[in-house]
Colleague: 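Sharing a structure here in structure tokens format.
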Amino acid sequence: MGLGKSSAGRCRGGLSQALSRLHQLKLLGHTLVVEFAKEQESVQVLSQPSVSEKCKSSEEPVKEEEKVEPSCAKIENGIAPSHGLTFPINSCLKYLYPPPSSAILANIANALASVPKFYVQYEEYLPVPVPPPPIPPLPPEEPPLPEEEEEQLSSGDESEYESDNDEEKESNLHPTLSPSDVFEQPQHVGHKKIEFHISTDIPAVLQINSEKEEKNDLSAATEEINNTGFGRIFPAPSSNDKMETEEEDDEIPSEFISRKDLEKNRLSREEMEKFSVFKNYEPGDPNCRIYVKNLAKQVQEKDLKFIFGRYVDFQSEVERNMFDIRLMKEGRMKGQAFIGLPNEKAAAKALKEANGYVLFEKPMVVYNPPTLSKRTSLVHLFEWRWEDIALECERYLAPNGFGGVQISPPNENVIVTDPKQPWWERYQPVSYKLCSRSGNETEFRDMVTRCNNVGVYIYVDAVINHMCGANAGAGDHATCGSYFNAKTEDFPAVPYSGWDFNDGKCKSRSGNIENYHDISQVRDCRLVSLLDLALGRDSVRSRVAEYMNGLIDAGVAGFRIDAAKHMWPGDVKAVLDKLKDLNTKWFPEGTKPFIYQEVIDLGGEPIKGSEYFGNGRVTEFKYGAKLGTVIRKWNGEKMAYLKNWGEGWGFVPSDRALVFVDNHDNQRGHGAGGSAILTFWDARNMVIFRNVVDGEPFSNWWDNGSNQVAFGRGNKGFIIFNNDDWSLNVTLQTGLPAGTYCDVISGQKEGDHCTAVEVHVAADGMANFLIGNEDEDPFIAIHVDAKL
């Protein structure tokens with residue numbers, strides 16, 4: 001607050017007195033700061049003489065008829081007695097404002113409306129009620145109100161702001177509006193009303209609005225004023241709209257988008273047809289997860305939570321835990337996201353309401369993730385860390401069609417120091433706690449969630465046949481720090497004791513397996529001194545099943561049963577019978593875990609892989625070993641002999657086998673293979689090939705009697721090899737539709753072109769192939785998804 005410094009005499013004394021009274025005064029929770037104003041030049045005053053002139057004139061005698069009432073309003077009982085301001089207004093104080101205009105008045109009214117507390121307090125200072133806030137701001141171009149010298153209240157039923165100057169009053173040629181043209185009318189509460197004389201030269205749209213308010217909304221406005229103290233800024237919604245909005249607000253927390261806003265910013269079906277991203281759109285099969293594509297680069301996880309959080313009951317801990325968002329920001333899946341929702345019903349509703357919603361100027365494409373029935377390839381990420389596996393799922397495995405990952409054992413194991421922490425220490429459990437050098441339990445769960453969310457499932461290498469080696473000693477030298485004593489067979493972190501091991505059943509002299517032709521020794525004695533668990537005991541079975549069920553709860557899809565050959569098939573079945581169905585967050589209700597058992601059956605031993613078919617699939621070690629000898633042309637083997645590859649070679653039937661080229665065992669000479677084992681570092685395009693041709697019949701075999709062979713898979717794919725020491729140039733029947741195909745070995749399809757070799761298939765399905773014997777990868781593969 002500033003006080004006129006140009007005042008003199010008694011006026012100066014009055015100002016000093018006012019300053020001393022007002023400065024540092026506590027008012028409505030605030031402290032006033034009052035000081036003399038600096039000299040001002042060219043200050044426009046509203047028709048009144050300057051403060052100094054008024055004060056000066058008050059010192060000069062005036063005639064009786066020339067006396068004029070002071071222009072400052074007087075309050076007999078003080079400024080605001082209810083707030084402790086009992087002293088009278090100083091008549092020398094005058095606020096200096098520019099002339100009022102319609103825009104200024106509208107802005108003042110809106111400011112009052114936007115600060116309810118101030119609005120109510122301001123009302124208490126006035127001798128009459130303050131009118132409710134007006135309609136939205138008037139255009140600034142409107143003519144200003146006529147300048148007025150005084151504002152007096154009449155003693156009649158109505159009061160007006162009028163000029164004391166008759167000439168100014170006569171010069172005001174603009175007709176006035178009634179109060180209802182500008183303000184809604186409050187109910188009469190015993191106070192006098194305020195009326196503005198404002199120019200009626202306003203835009204037609206405002207006149208129309210005023211008429212509507214007069215005719216339709218006056219009673220509603222009065223009711224709202226009584227309830228809230230304010231008028232309407234926007235048209236009041238109908239009762240039906242109000243009820244619908246209230247129900248929506250009750251159902252959906254305010255931090256999530258409303259259904260109304262979703263509908264408002266969502267493309268119609270006709271509009272979607274104009275966007276290429278919706279071409280051939282199919283929602284997919286119902287699932288508790290949804291897949292979102294075509295996201296703008298600005299999108300963050302919080303944006304997706306704002307939209308999809310409305311389908312989750314956050315008061316339910318179960319639903320909160322099942323809600324998950326994974327936004328891809330790197331790799332080939334950049335701009336896509338997977339949303340995990342509590343159930344299929346919520347996911348179906350989210351898909352219906354959010355598909356086509358425009359987020360950052362790009363419409364989202366929402367559908368159920370494609371089924372994984374054609375993703376039949378697993379990758380063994382041996383000894384990888386959980387965080388690295390999660391990233392690999394998102395960046396590489398999911399975009400390239402991999403269906404799952406086999407991981408190293410996640411449970412606590414002994415720490416071996418001599419040699420220093422070898423790979424095989426992971427196969428010597430101390431407890432079933434989830435901490436290893438791959439990561440802790442939190443990191444493990446995060447990996448499972450992230451991989452599942454992009455459609456790559458986790459298969460755990462489950463070590464349940466035994467605990468650590470008999471010579472592991474005693475102490476807490478384990479990955480979680482759990483105490484154990486191998487000599488006394490004490491594992492309190494499980495817990496297991498000496499009663500839980502097969503020492504009494506083993507018939508060998510050393511307690512270890514000494515004769516692999518003795519079935520009992522193989523299954524009841526120690527495998528290379530590893531303490532053999534008594535899986536014939538139900539208590540042991542229950543503890544193993546508890547461990548595996550915990551992994552199922554975390555979201556794993558299945559298990560590789562390590563050393564299954566060293567357990568009785570009935571004992572394995574008894575454990576598996578105790579397992580839960582898979583987590584319904586990612587898998588259909590009633591889905592059983594996928595089981596494949598490590599049974600090294602190379603022939604020549606009494607234990608056969610077929611004994612374990614009733615429990616699940618069996619690893620076929622002969623597959624990689626035999627294929628290696630053929631490709632390397634050892635022992636007179638030729639690729640032409642592969643025409644009856646599979647059961648014709650004595651392998652486990654296809655529907656019972658899990659086949660692989662290499663794993664951590666045969667790479668190190670265990671379980672057959674050794675130097676014959678083949679290792680492929682980049683098989684991604686052939687994984688895609690396998691997915692495309694899955695289920696198609698073997699067809700169009702061709703060979704040259706040596707090591708040049710070719711075959712098709714129905715009308716979906718064709719592959720040709722040259723493993724001879726000379727070039728291949730041949731025209732063959734592919735069985736594929738006519739067109740140009742990209743070879744997925746030397747390159748791939750990108751957009752509308754091939755990055756390397758092109759293959760042209762004629763109308764009759766014939767195509768010419770040319771492969772040199774010195775090519776780095778002397779084979780060609782084409783499939784219908786690589787067709788231009």
Side-chain angles (χ1 to χ4, degrees), residues 287-289 291 301 304 320-334 336-341 369 372 375 377-413 423 425-427 429 431-463 479-480 547-562 579-580 582-587 591 593-596 663-664 684 687:
N287 200 299
C288 59
R289 291 181 297 123
Y291 182 29
E301 287 190 7
L304 298 175
R320 287 199 312 270
N321 292 338
M322 295 186 74
F323 182 48
D324 181 78
I325 297 174
R326 193 63 193 170
L327 175 63
M328 306 295 107
K329 296 183 178 180
E330 298 178 357
R332 295 178 64 182
M333 297 190 73
K334 184 177 181 180
Q336 304 176 40
F338 288 86
I339 315 293
L341 292 166
L372 302 182
R375 289 192 174 195
S377 299
L378 310 183
V379 60
H380 186 188
L381 298 184
F382 182 65
E383 287 275 37
W384 280 45
R385 292 185 57 81
W386 308 146
E387 172 62 22
D388 295 333
I389 293 175
L391 290 172
E392 190 76 355
C393 285
E394 294 166 347
R395 296 176 179 177
Y396 185 86
L397 300 179
N400 290 296
F402 285 84
V405 178
Q406 179 184 310
I407 63 171
S408 293
N411 56 280
E412 181 179 21
N413 59 265
W423 67 269
E425 77 170 26
R426 297 291 293 269
Y427 291 84
S431 79
Y432 298 134
K433 296 178 182 179
L434 300 182
C435 49
S436 67
R437 61 184 175 216
S438 288
N440 57 35
E441 180 173 354
T442 299
E443 293 167 330
F444 175 84
R445 292 180 179 275
D446 179 66
M447 169 199 66
V448 174
T449 296
R450 290 166 62 181
C451 289
N452 280 347
N453 283 348
V454 296
V456 181
Y457 294 156
I458 299 298
Y459 298 88
V460 172
D461 199 347
V463 183
T479 50
C480 294
Y547 160 59
M548 297 173 74
N549 279 330
L551 297 173
I552 289 174
D553 289 341
V556 306
F559 302 92
R560 171 191 182 266
I561 307 299
D562 179 70
L579 298 187
K580 300 178 179 180
L582 297 184
N583 191 323
T584 56
K585 180 176 181 180
W586 294 287
F587 305 95
T591 304
F594 180 76
I595 303 297
Y596 54 107
N663 75 348
H664 66 284
R684 62 188 177 93
V687 168

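Residue numbers run from 1 in the order of the sequence given.
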Colleague: Where the side chain of S408 meets the backbone of F382, is there a donor-acceptor pair that is under 3.5 Å apart?
Modeller: no
Colleague: Is the shortest side-chain heavy-atom distance between P410 and Y547 below 4.5 Å?
Modeller: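 Yes, their side chains come closer than 4.5 Å.
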Colleague: Please list, chain by chain and in numerical order, all residues satisfying side-chain hydrogen bond (donor to acceptor under 3.5 Å, both in side chains) with N583, sequence neighbours excluded.
Modeller: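 Partners of N583 by the side-chain hydrogen bond (donor to acceptor under 3.5 Å, both in side chains) criterion come out as none, since no residue qualifies.
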Colleague: Between Y396 and F402, what is the ring plane arrangement, given parallel below 30°, perpendicular above 60°, and tilted in between?
Modeller: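 If you compare the ring of Y396 with that of F402, the planes turn out tilted.
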Colleague: So do the side chains of I407 and S438 get within less than 4.5 Å of each other, counting heavy atoms only?
Modeller: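 No, their side chains stay 4.5 Å or more apart.
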Colleague: Testing the basics here: between Y457 and A557, what is the closest heavy-atom pair and its distance to 0.1 Å?
Modeller: CB-CB, 3.6 Å
Colleague: NZ/K585 to CG/D553 distance, rounded to the nearest 0.5 angstrom?
Modeller: 12.5 Å
Colleague: Side chain to side chain contact (heavy atoms under 4.5 Å, CB included) with T442: which residues, sequence neighbours excluded?
Modeller: N440
Colleague: Compare all side-chain heavy atoms of N400 with those of V687 and state whether any distance is below 4.5 angstrom.
Modeller: no
Colleague: Is the backbone N or O of V456 less than 3.5 Å from a side-chain atom of R375, with the two atoms forming a donor-acceptor pair by type?
Modeller: no
Colleague: Minimum heavy-atom separation for C451 and I389, please, with both atom names.
Modeller: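 C451 and I389 have their closest heavy atoms at SG-O, 3.8 Å.
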Colleague: Apply salt bridge (charged side-chain N to carboxylate O under 4.0 Å, His left out) to residues E387 and R450 and explain how you reach the verdict.
Modeller: CA-CA 10 Å; E387 172 62 22; R450 290 166 62 181; 3.2 Å; yes
Colleague: To the nearest 0.5 Å, what is the distance between CG (N413) and CZ (R426)?
Modeller: 6.0 Å
Colleague: Drop me the distance from Y432's OH to L551's CG, to the nearest 0.5 angstrom.
Modeller: 11.0 Å
Colleague: Can you tell if the side chain of Q406 reaches within under 4.5 Å of the side chain of D461, non-hydrogen atoms only?
Modeller: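 Sidechains of D461 and Q406: in contact.
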Colleague: Which residues pass the side-chain hydrogen bond (donor to acceptor under 3.5 Å, both in side chains) test with D324, sequence neighbours left out?
Modeller: N453
Colleague: Who are the side chain to side chain contact (heavy atoms under 4.5 Å, CB included) partners of E441, not counting sequence neighbours?
Modeller: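 L434, R445.
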Colleague: Identify the two heavy atoms, one from T479 and one from C435, that lie closest to each other, and give their separation to 0.1 Å.
Modeller: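 Where T479 meets C435 most closely, the heavy atoms are OG1-O, 2.9 Å.
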Colleague: W386 vs V448, test: side chain to side chain contact (heavy atoms under 4.5 Å, CB included). Steps then yes/no.
Modeller: CA-CA 9 Å; W386 308 146; V448 174; over 6 Å; no
Colleague: Would you please name every residue forming a ring-ring contact (aromatic ring centres under 6.0 Å, His included) with F594, sequence neighbours left out?
Modeller: Y459, Y596
Colleague: Measure the spacing between CG of N411 and CE of M548 and express it to the nearest 0.5 Å.
Modeller: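 It comes to 11.5 Å.
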Colleague: What pair of heavy atoms forms the shortest contact from I552 to P593, and how long is it?
Modeller: CD1-CG, 4.2 Å
Colleague: Find the distance between CZ (R385) and CZ (R437) and round it off to the nearest 0.5 Å.
Modeller: 11.0 Å
Colleague: Are the side chains of M447 and E392 in touch, meaning some heavy atoms are under 4.5 Å apart?
Modeller: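 No; the side chains remain at least 4.5 Å from each other.
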Colleague: Mind checking what makes ring-ring contact (aromatic ring centres under 6.0 Å, His included) contact with F559, not counting sequence neighbours?
Modeller: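 Not a single residue meets the ring-ring contact (aromatic ring centres under 6.0 Å, His included) criterion with F559.
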Colleague: Is there a side-chain contact between S436 and F444 (heavy atoms, below 4.5 Å)?
Modeller: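 No. Closest side-chain heavy atoms not under 4.5 Å.
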Colleague: Minimum heavy-atom separation for L378 to G403, with atom names?
Modeller: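 Minimum heavy-atom contact is CD2-C, 4.4 Å.
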Colleague: Do you know which two heavy atoms are closest between R395 and P399, and how far apart they sit?
Modeller: O-CG, 3.5 Å
